[in-house]
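Structure, as structure tokens:
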There are 2 protein chains.
Amino acid sequence: MFAPSEIDRIRRFHRAVTRETGVMDQSFLGRGRPLGAARVLNAIGRGTNEVAAIRDYLGLDSGLMSRLLRGLEDEGLVATSADPADARRRVVVLTPKGQAEFDAYEAISNDRAGRMIATHPNAEALIAAMDLIASALGRHAVELVETDPRSPEALYCLTEYFAELARRFERGFDVHLSKDPEATSMIAPQGGFFVAMSDGLPIGCGGLKGHWEDATPWGEVKRLWIAPSARGLGLAKRFMTRIEEAARTLGMTTLRLDTNSQLPEAVALYRRLGWTEIDRFNDDPYPDHFFEKHF
Amino acid sequence: MFAPSEIDRIRRFHRAVTRETGVMDQSFLGRGRPLGAARVLNAIGRGTNEVAAIRDYLGLDSGLMSRLLRGLEDEGLVATSADPADARRRVVVLTPKGQAEFDAYEAISNDRAGRMIATHPNAEALIAAMDLIASALGRHAVELVETDPRSPEALYCLTEYFAELARRFERGFDVHLSKDPEATSMIAPQGGFFVAMSDGLPIGCGGLKGHWEDATPWGEVKRLWIAPSARGLGLAKRFMTRIEEAARTLGMTTLRLDTNSQLPEAVALYRRLGWTEIDRFNDDPYPDHFFEKHF
DNA sequence: AAACATTTCGGACTCGAGTCAGCTAATTTT
DNA sequence: AAAATTAGCTGACTCGAGTCCGAAATGTTT
């Protein structure tokens, strides 16, 4: 029986995007500049300003980098100057003309991307598929960064998290009925809040809330969420490790958390990571499972 | 409120696969041959044997093509000879050594693809996402080809079709209870069977069954199915147009079809395409909607 | 048979990407 | 203060990809 193998299908995918990428590169060439120079300009425009960082990001030789930079300088698109902290290093910024050129490249990209979703009837599914693949391919480059729980990235994750709870809990979810931790209790030195960033996209979060008012202070794991497109990459475990580290650093010796049996993967995770189930320790209406860990 | 725009997400996807493709190209270089030559070798190995066809497929200049071919010939990987039908054209075949080299490249590709699915926990979803994207990007290159309903491609589509009916019908679906048309009634000159091919992958099918035994012969549309990853690309309409054409060519003036209200998108399609609902015309247990079209 | 078209071939060329070694200047280590 | 290290710059080089054009062989049309 004929059935296209998974490998055939991956390779078909590969050919499709390779073709697409080729078309994109061609359209970049439309601005009369070689691809290498365009890439450097793009990196600078995106906020990478140290020469070494650009070189590293694009994987270029120092000689080639230098020549590309000289070329952009001759065109009047960038200006370089010595780093005040260490005059061996150089920093590069876009001139107004360079910014205009960068914007033009952005417009090309956005235009292509926009046309793609505009002409596809099920753009949402298409983009979800892209997220899934981008997360899978870029899984080695996911960074957990500590951030303010009121930062845009954190708020984005929290909104998605609450929306998912509302979908998955039989009786829905209203964040106001639940104990919403004060943001300050999830900021050092009280606690911490972490967001997983994958190439600029926030794909998960996790918070540590400090309870310092009690006789023996303890920490509570809150708001652990991984984007559907990034599940299965081991991120939840990374968050838990990171949160434990933060708790230790802040001087806590006990961590607790609550969860719900309608999130079986969460319950399974905590069991697997060696947490022990305990009695209810709060009067929040949503959770029905409670865990604890000492160290 | 921060929310990554769809365009940001598409571009993130783009960066991720570009990186992946780059890595793939690098590993191709491991066999000590420039990428251009490797691409030509690959095209030949995949069964493209006329020089002009290869050039066309890879988009190469005739001079460059000639030189790459000469290089492969010097290495003893390919042999060229004049096309017996037109001695200006040349045909290229792999030598045994060339076949071995081609196999080695295949192994590299398969290995990378295999590793990707092996290390991803949800390979099935990943591949479904890839199919969706590949179909969306390659939608302009979908071909409807007439084929024997017993061909491997057709059987693959039919299997998927029946599996989907079994999932979607409340009481399941058993093909033996339904009137399974004889394959020969869906082969010219009795009828026809069509498969949509997207870069080698069958992504849909549709059959025309001829009823020549009746006083006024008529045609019946059967087995119309589009792969979930390819829905929304307008393929169903293309199939219907193609089937109508085939019916006209075979001398039919009436087409009928049956379908089920548990497939609302199908019912809507037939209405939209100007079919008129009629009374039941068979005793098949599954359908509950019947349509007709004259021309 | 002559004129014209098609297909491949090969040479001369351009261009972009990238490597390498040596250089200068700034900074850190000893 | 001398020596070692680091960051970036420069020139000379290689290599692959690709274009342009004319030659040669074959095929088609008039």
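So that the names make sense, note that chain A is the first sequence line, chain B the second, and so on, each numbered from 1.
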Contacts to DNA chain C from residues 67-80 of chain A, heavy-atom cutoff under 4.0 Å, which residues?
->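 The stretch gives A:Arg67 as the residues lying under 4.0 Å from the strand, ordered by number.
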
Selection: residues 54-64 of chain B, any non-hydrogen atom under 4.0 Å of DNA chain C = B:Arg55, B:Ser62, B:Gly63

Taking atom [atom2] of [N] as reference, at what distance in whole Å does atom [atom1] of [X] sit?
{"X": "B:Leu35", "N": "D:dA17", "atom1": "CG", "atom2": "P", "value": "6 Å"}
{"X": "A:Arg90", "N": "C:dA25", "atom1": "CZ", "atom2": "P", "value": "13 Å"}
{"X": "B:Arg39", "N": "D:dA17", "atom1": "CZ", "atom2": "P", "value": "9 Å"}

Going from CG on A:Leu41 to CZ on A:Arg31, what distance comes out if it is rounded to the nearest 0.5 angstrom?
-> 10.0 Å

Atom OG1 of A:Thr80 and atom CG of A:Asn49: how far apart are they, to the nearest 0.5 Å?
-> 12.0 Å

Rounded to 10°, tell me the angle between the two end axes of the helix from C:dA1-D:dT30 to C:dT30-D:dA1, each built from five pairs.
->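 Inter-axis angle at the termini of the helix from C:dA1-D:dT30 to C:dT30-D:dA1: 10°.
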
What does A:Ala82 touch in the nucleic acid at a heavy-atom separation under 4.0 angstrom: a base, only the sugar-phosphate, or nothing?
->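 Contact class for A:Ala82: none.
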
What's the verdict on side-chain contact (heavy atoms from CB on, under 4.5 Å) for A:Val142 and A:Arg238, showing C-alpha distance, side-chain angles and the deciding distance?
-> CA-CA 10 Å; A:Val142 177; A:Arg238 275 183 66 186; 4.0 Å; yes

Quick one: do the [X] and [Y] side chains pair a donor with an acceptor below 3.5 Å?
{"X": "B:Arg231", "Y": "B:Ser135", "answer": "no"}
{"X": "A:Ser198", "Y": "B:Arg12", "answer": "yes"}
{"X": "B:Arg55", "Y": "B:Thr48", "answer": "no"}

Which pairs of donor and acceptor atoms, one on a side chain in residues 143-151 of chain B, lie under 3.5 Å apart (sequence neighbours left out)?
residue, atom, partner, partner atom, Å
B:Thr147, OG1, B:Ser151, OG, 2.9
B:Asp148, OD1, B:Arg150, N, 2.7
B:Asp148, OD1, B:Arg150, NE, 3.0
B:Asp148, OD2, B:Arg150, NH2, 2.9
B:Ser151, OG, B:Asp148, O, 3.0
B:Ser151, OG, B:Ala154, N, 3.2

Atom pairs under 3.5 Å, N or O on each side, protein against nucleotides 27-30 of chain C: can you list them with distances?
residue, atom, partner, partner atom, Å
C:dT27, OP1, A:Ala87, N, 2.6

Any salt bridge linking [X] with [Y]? Criterion: basic side-chain nitrogen under 4.0 Å from a carboxylate oxygen.
{"X": "A:Lys97", "Y": "A:Glu75", "value": "no"}
{"X": "A:Glu50", "Y": "A:Arg89", "value": "no"}
{"X": "A:Arg115", "Y": "A:Asp111", "value": "yes"}

Close side-chain approach of B:Met65 to B:Asp61, heavy-atom, < 4.5 Å | no

Given D:dG8, D:dC9, C:dC9, which nucleotide is nearest the side-chain atoms of B:Ser66?
-> C:dC9

Side chain B:Arg112, main chain B:Ser109, donor-acceptor under 3.5 Å | no

Could you note down all residue pairs passing ring-ring contact (aromatic ring centres under 6.0 Å, His included) where residues 63-108 of chain B supplies at least one of them, sequence neighbours left out?
-> B:Phe28-B:Tyr105

